[in-house]
2 protein chains.
Amino acid sequence: MIQSLLYPSLEEASDFINSALRVKNLVVCCGLFSVEYVGRSSSTLGAGERILIIKGDGSVLVHRSKGYEPVNWQPSGCIIRCRVEDGKMILFSERRRPKEFLKAVFDKVYIIFSTSLVDEAKFLMGPSEETFYSILFQHPEFIEKGLRLTSRQKPLSTGVVDFTGIDEGGNYVFVEVKRRTAGVDAVKQLDRYIKSQPTRFRGILCAPSITKQALSLLEKKGYSFRKLDLNRISKLLTIEPFEETLDKHF
Amino acid sequence: MIQSLLYPSLEEASDFINSALRVKNLVVCCGLFSVEYVGRSSSTLGAGERILIIKGDGSVLVHRSKGYEPVNWQPSGCIIRCRVEDGKMILFSERRRPKEFLKAVFDKVYIIFSTSLVDEAKFLMGPSEETFYSILFQHPEFIEKGLRLTSRQKPLSTGVVDFTGIDEGGNYVFVEVKRRTAGVDAVKQLDRYIKSQPTRFRGILCAPSITKQALSLLEKKGYSFRKLDLNRISKLLTIEPFEETLDKHF
DNA sequence: GCCTAGGTCCCGTGA
DNA sequence: TCACGGGGCCTAGGC
């Protein structure tokens, strides 16, 4: 069920929003407005035509005509109020922790609608980093021949190392897994783990690919890179490789 | 200027979207639909009521009833097509690099509107990390009395150190600046820089606050923490402190 | 083009 | 509650 108003007065729009807020409906409002934000940072945005979205959980999004990201926003859990004052509609949103405030001042509302989105569907996502861990833990040969893994997600003083193990030569090993191109950060992470140990550990960084700088740093530190074959792992997960999913749905 | 349709047929909605795409208008569409995504990852989302937004630059956002983040999306620059097939409206978006595909299959469209958002306003944001660097470089007394800074953003073998300098006692100093609470990573970073040097350097970590673990590690390493007073720096920038901005606008 | 660093990142998880 | 690390992160800037 949709309620909507085309070119409402600011009073009508304000009443409309307050009604929607009471029943925690989603509101989409297109109009001419300015935005102020103060909190972790601060910003001002002069008047212009934009979209403002209020969700039932108290999140607010302001979208301009371009780009993925909202220009201003509040995450869920905010307290939202709306009123008309001095001929402007003011939408105010307050976040408690951290203290953050967002205010949109409307000169005009072009269209506004509200609805309770009935949506019980499960969102299913492809394999995550955690999924790869599981498979690799059961199949350490993907990382290195003769490698025995002794623990996973082991907490150290400086973080959580993905795998610990013992290689064919009997050396203690730390393995850091990335499911996408490993950058210098990944090398630094691995290095932190190894440096934190009193005894000697080999370091293995395991990823589908690695940036040039990361590889150079890795080699300088004396650690190893192991290329991860995602398609082979996908097969073990009975997950369709990219091309097959594509063929099926697109 | 707004065009809108309430409870259109899928053919009407499809024509409406294609018209809007031609002139690169923004489109907001509320309906019952499912979403498939394949690319860097993959996901499927069964049928449910949601909002789909298409922007003139080729970005696509799918929002459910809760949360800041879109459940599915494409960043700007995508090629978007819309058609009706087997009694469903299919919105297809293709990203070139990386190759990514998003498909929304509509059972129903409840409301749809399109508009060219006229919005020339400048977005003005509060001070960024770079702004703080500049001010601190010109006012090293905020970091430590008698400190002379000799360079900023100096590249080392293991990263880029924010400042190098010489303290009142004539010691060489590395300064790492964080705009928000410093964690163990910041300490490790500073430590890496100092360890990479053949000669002795003092380490100063400069941030508004520091986590307990980070402070304990910092002290163990023999480095110093300097509290950064954001309000005092704001004044130098002729930027209003939090409370004043709040008083003025809220 | 690749890669790094920052973000009002958001968000989940574990201590 | 705080702190840490992942993310289809996105986006800007450097090379």
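Here is the naming used below: chain letters follow the sequence lines, and residue numbers restart at 1 for every chain. In what follows, every heavy atom counts, from backbone to side chain, and hydrogens, waters and symmetry copies are set aside.
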Using a distance-only test with no angle check, is there a side-chain donor-acceptor pair under 3.5 angstrom linking A:Y193 and A:Q189?
yes
Taking only side-chain N and O atoms of A:R180, does any of them lie within less than 4.0 angstrom of OP1 or OP2 on D:dC9?
yes
DNA chain D: 5'-proximal contact among A:R192 and B:W73 (nearest heavy atom)
A:R192
Polar atom pairs (N or O), protein with nucleotides 12-15 of chain D, under 3.5 Å:
none

Could you tell me whether the side chain of B:H63 reaches within less than 4.5 Å of the side chain of B:V71, counting heavy atoms only?
no
Could you measure the distance from the CD atom of B:E94 to the CG atom of B:L102? Nearest 0.5 Å is fine.
11.5 Å
Taking OH from B:Y193 and C1' from C:dA5, how many angstroms apart are they, rounded to a whole number?
10 Å
Side-chain contact test, heavy atoms from C-beta onward, threshold under 4.5 Å: evaluate it for A:C206 versus A:R226 and give yes or no.
yes
Can you list the steps and then say if A:R64 with A:E49 is a salt bridge (Lys or Arg N to Asp or Glu O under 4.0 Å)?
CA-CA 8 Å; A:R64 304 181 83 174; A:E49 297 178 354; over 6 Å; no
Looking at B:F137 versus B:F163, is the centre-to-centre ring distance below 6.0 Å?
yes
Among the candidates C:dT8, C:dA5, D:dC9, find the nucleotide nearest to the side-chain atoms of A:D185.
C:dA5
Complementary nucleotide of C:dC10, counting Watson-Crick and G-U pairs under 3.5 Å:
D:dG6
Looking at A:N72 and C:dT8, is any side-chain donor or acceptor paired with a base atom of the opposite kind under 3.5 Å?
yes
Are any non-hydrogen side-chain atoms of B:D191 and B:Y223 less than 4.5 angstrom apart?
yes
Is A:Q213 touching bases, backbone alone, or none of the nucleic acid, heavy atoms closer than 4.0 Å?
sugar-phosphate
Looking across every strand, which nucleic acid part, if any, lies under 4.0 Å from A:V160 by heavy atom: base, sugar-phosphate, or nothing?
nothing
A:Q153 side chain near A:Y133 side chain, heavy-atom distance below 4.5 Å
yes
Extract from the structure each pairing of a protein N or O with an N or O of nucleotides 11-15 of chain C at less than 3.5 Å, listing the distance.
| from | atom 1 | to | atom 2 | distance (Å) |
| --- | --- | --- | --- | --- |
| C:dC11 | OP1 | B:Y68 | N | 3.2 |

Classify the nucleic acid contact of A:Q74 as base, sugar-phosphate or nothing, counting any heavy atom under 4.0 Å across all strands shown.
nothing
Choose from D:dC9, C:dA5, C:dT8 the nucleotide whose nearest atom is closest to any side-chain atom of A:Y37.
C:dT8
Heavy-atom nearest nucleotide on DNA chain C for A:A214 versus A:S43: which residue maps closer to 5'?
A:A214
What integer distance in Å separates A:M125:CE from D:dG8:C1'?
7 Å
Pairwise P distance for C:dT8 and C:dT4, with rounding to whole Å
22 Å
With sugar-phosphate meaning primed atoms plus P, OP1 and OP2, does B:G39 contact a base, only sugar-phosphate, or nothing at under 4.0 Å between heavy atoms?
nothing
Under 4.0 Å, heavy atoms only, any strand: does A:K99 hit a base, just the sugar-phosphate, or nothing?
nothing
What I'd like to find out is whether the side chain of A:I143 reaches to under 4.5 Å of the side chain of A:L149, using heavy atoms alone.
yes
Take B:D162 and B:R152, measure what salt bridge (Lys or Arg N to Asp or Glu O under 4.0 Å) needs, and give me the verdict at the end.
CA-CA 5 Å; B:D162 288 331; B:R152 55 192 284 194; over 6 Å; no
Looking only at side-chain atoms of B:L102, point me to the closest of C:dT8, D:dG8, D:dG5.
D:dG8
Is any side-chain heavy atom of A:N72 closer than 4.5 Å to one of A:S43?
yes
Nucleotide nearest A:Q189 when distance is taken to its side chain, options D:dG5, D:dG8, C:dA5:
D:dG5
Going by heavy atoms closer than 4.0 Å, what residues in residues 203-212 of chain A are next to DNA chain C?
A:T211, A:K212
So what does A:R96 hit on the nucleic acid, given a heavy-atom distance under 4.0 Å: a base, only sugar-phosphate, or nothing?
nothing
